[in-house]
Amino acid sequence: MSGIENKVVLITGASSGIGEATARLLAKHGAHVVLGARRTERLATLADEIAGDGGSVRYRRLDVTQREDVAAFVAFAQATFGRVDVIVNNAGVMPLSNLEALKVEEWDRMIDVNIRGVLHGIAAGLPVMQQQKRGHFVNLSSIGGHYVVPTAAVYCATKFAVRAISDGLRQEVGGDIRVTVISPGVTESELAETISDPGARDGMKEFRKIAIPATAIARAILFAIEQPPEVDVSEMIVRPTASPY
């Protein structure tokens with residue numbers, strides 16, 4: 001058996017991009033994948049395709065900004081498969097803009113999805129993993145969690161927060177529960193579609209010309225999960241070779 005086979009892996013934001021690519025790859029390697037996102041029609045299509053390829057998959061509508069929803073998602077996975085081995089906190093949004101644009105509602109949305117979404121995943125999954133005496137959180141930060149650029153102040157702040165929360169969790173639960181932070185550089189995804197500010201949107205189009213495929217991040221997640229229990233891959237940055245940052 002590989003280090004991924006038969007593990008129960010929950011993935012948020014699984015309807016597209018990194019979440020979708022990760023679901024496909026982990027299922028192909030024998031994991032039981034449980035998919036969560038708001039767009040259930042996409043989840044249904046993805047689940048059918050994974051199952052058609054022989055994979056083990058379940059899905060449920062999920063809004064990570066709602067704590068009760070995340071708790072129900074984790075409970076669903078536990079009831080279906082009997083345990084929760086890995087939670088991939090992947091859901092995120094990136095509506096970039098200069099602070100002077102005062103897009104406060106977009107700031108709030110980033111805080112709710114990118115920070116509270118991760119915390120809700122931890123709150124729901126940690127008691128289960130502690131009872132099992134094993135488990136693994138894989139939290140998606142960003143290259144923006146390592147440096148700040150104009151238009152991305154709030155987004156970067158949320159991704160710095162993911163790194164801080166993850167390292168604090170790692171130090172607190174060390175031993176039975178692993179914690180990994182994956183920081184993607186520019187990657188093919190729908191994140192840029194959440195940008196409403198015209199200037200920031202145009203700038204991102206240029207930046208994304210060197211984007212790497214979502215499968216590159218999925219492979220990094222697979223690598224972290226399949227390590228032996230005593231090995232914790234704490235943090236990885238995966239960026240385009242051509243990236244200047």
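- Under a cut-off of 6.0 angstrom, the local environment of CD in Gln131 is sparse, with at most 12 non-hydrogen atoms contributed by other residues, nucleotides or ligands.
- Of all heavy-atom pairs spanning Tyr59 and Ala47, the tightest one is CD2-CB, 3.7 Å.
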Criterion side-chain contact (heavy atoms from CB on, under 4.5 Å) on Leu222 and Thr22, from CA distance to verdict: CA-CA 8 Å; Leu222 171 66; Thr22 301; over 6 Å; no
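- Between the side chains of Asn90 and Thr12, no donor-acceptor pair of N or O atoms lies under 3.5 Å.
- Here the rule is side chain to side chain contact (heavy atoms under 4.5 Å, CB included) with Ile87, and of Val70, Val138, Val74 only Val74 fits it.
- Hydrophobic clustering keeps Phe160 apart from Met236 (ILVMFWY residues linked when any side-chain heavy atoms are closer than 4.5 Å, directly or through intermediates).
- Ion pairing between Lys7 and Glu226 fails under the 4.0 Å rule for side-chain N and carboxylate O.
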I'd like to know whether Val162 forms a side-chain contact (heavy atoms from CB on, under 4.5 Å) with Leu140, so could you lay out the CA-CA distance, the side-chain angles of the two residues, the decisive distance to 0.1 Å, and finally the verdict. CA-CA 8 Å; Val162 170; Leu140 272 291; over 6 Å; no
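- The main-chain N or O of Gln227 is found under 3.5 Å from a side-chain atom of Arg178 such that the two form a donor-acceptor pair.
- Atom CZ of residue Phe223 and atom CD1 of residue Ile182 lie 9.5 Å apart, to the nearest 0.5 angstrom.
- With values rounded to the nearest 0.5 angstrom, Leu169 atom CG is found 7.5 Å from Ile177 atom CD1.
- Hydrophobic cluster membership is shared by Leu62 and Leu119, with clusters built from Ile, Leu, Val, Met, Phe, Trp and Tyr side chains linked at under 4.5 angstrom.
- Going from atom CD of Glu105 over to atom NZ of Lys103 covers 9.0 Å, rounded to the nearest 0.5 Å.
- Leu25 is not listed as a side-chain neighbour of Thr215, based on a closest heavy-atom distance of 4.5 Å or more.
- Both Leu126 and Leu10 are part of a single hydrophobic cluster, where members link through side-chain heavy atoms under 4.5 Å apart.
- Criterion: ILVMFWY side-chain heavy atoms under 4.5 Å apart, direct or through other members. Under it, Val93 and Leu99 are part of a common hydrophobic cluster.
- Follow the hydrophobic side-chain contacts under 4.5 Å out from Val181 and you never reach Tyr147; the two are in separate clusters.
- With respect to Glu20 and Arg42, no salt bridge is recorded, no charged nitrogen being found less than 4.0 Å from a carboxylate O.
- The structure places NE2 of His136 at 3.0 Å from OG1 of Thr180, a figure rounded to the nearest 0.5 Å.
- Between atom CZ of residue Phe73 and atom CZ of residue Arg60 there is a gap of 9.0 Å, rounded to the nearest 0.5 Å.
- The nearest pair of heavy atoms linking Ser141 to Arg163 is OG-CG, 3.5 Å.
- Taking the side chain as every heavy atom from C-beta outward, Arg116 and Ile111 approach each other to under 4.5 Å.
- Considering every non-hydrogen atom in both Leu96 and Tyr155, the closest pair reads CD2-CB, 3.8 Å.
- Asn114 places a side-chain heavy atom less than 4.5 Å from the side chain of Lys159.
- With a 4.5 Å cut-off on side-chain heavy atoms, Ile18 and Pro184 count as touching.
- Side-chain contact between His120 and Val64 is absent, with no heavy-atom pair separated by less than 4.5 Å.
- Nearest heavy-atom pair, Gly125 versus Phe137, reported as atom, atom and distance to 0.1 Å: C-CZ, 3.9 Å.
- The shortest side-chain heavy-atom distance between Met110 and Met94 does not fall under the 4.5 Å cut-off.
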task = Check the pair Arg39, Ser16 against side-chain hydrogen bond (donor to acceptor under 3.5 Å, both in side chains), reporting the backbone distance first and the verdict last.
result = CA-CA 9 Å; Arg39 297 178 294 186; Ser16 66; 3.1 Å; yes
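- In this structure the side chain of Val179 never reaches within 4.5 angstrom of the side chain of Ser234, judged on heavy atoms.
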Determine whether Arg134 and Asp85 satisfy the following criterion, salt bridge (charged side-chain N to carboxylate O under 4.0 Å, His left out), listing intermediate values before the conclusion. CA-CA 7 Å; Arg134 68 179 186 276; Asp85 295 309; 3.6 Å; yes
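- When only modelled atom types and interatomic distance are considered, Ser183 and Arg239 share no side-chain donor-acceptor pair under 3.5 Å.
- Taking every heavy atom of both residues into account, Ile50 and Ala27 meet most closely at CG2-CB, 3.5 Å.
- Across all non-hydrogen atoms, the minimal contact from Val84 to Met129 is O-CG, 4.1 Å.
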Determine whether Leu35 and Leu46 satisfy the following criterion, side-chain contact (heavy atoms from CB on, under 4.5 Å), listing intermediate values before the conclusion. CA-CA 9 Å; Leu35 315 180; Leu46 175 58; 3.7 Å; yes
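- Ile165 CD1 to Asn139 CG: the interatomic distance, rounded to the nearest 0.5 Å, is 8.0 Å.
- Side-chain contact check for Ile212 versus Glu188: every heavy-atom pair is 4.5 Å or farther apart.
- A salt bridge does not link Asp232 with Arg170: none of the charged nitrogens is closer than 4.0 Å to a carboxylate oxygen.
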Yes or no on side-chain contact (heavy atoms from CB on, under 4.5 Å) for Val88 and Val9, after CA distance, side-chain angles and deciding distance? CA-CA 7 Å; Val88 181; Val9 183; 3.9 Å; yes
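- For Thr65, the side-chain hydrogen bond (donor to acceptor under 3.5 Å, both in side chains) criterion is met by Asp63, not counting sequence neighbours.
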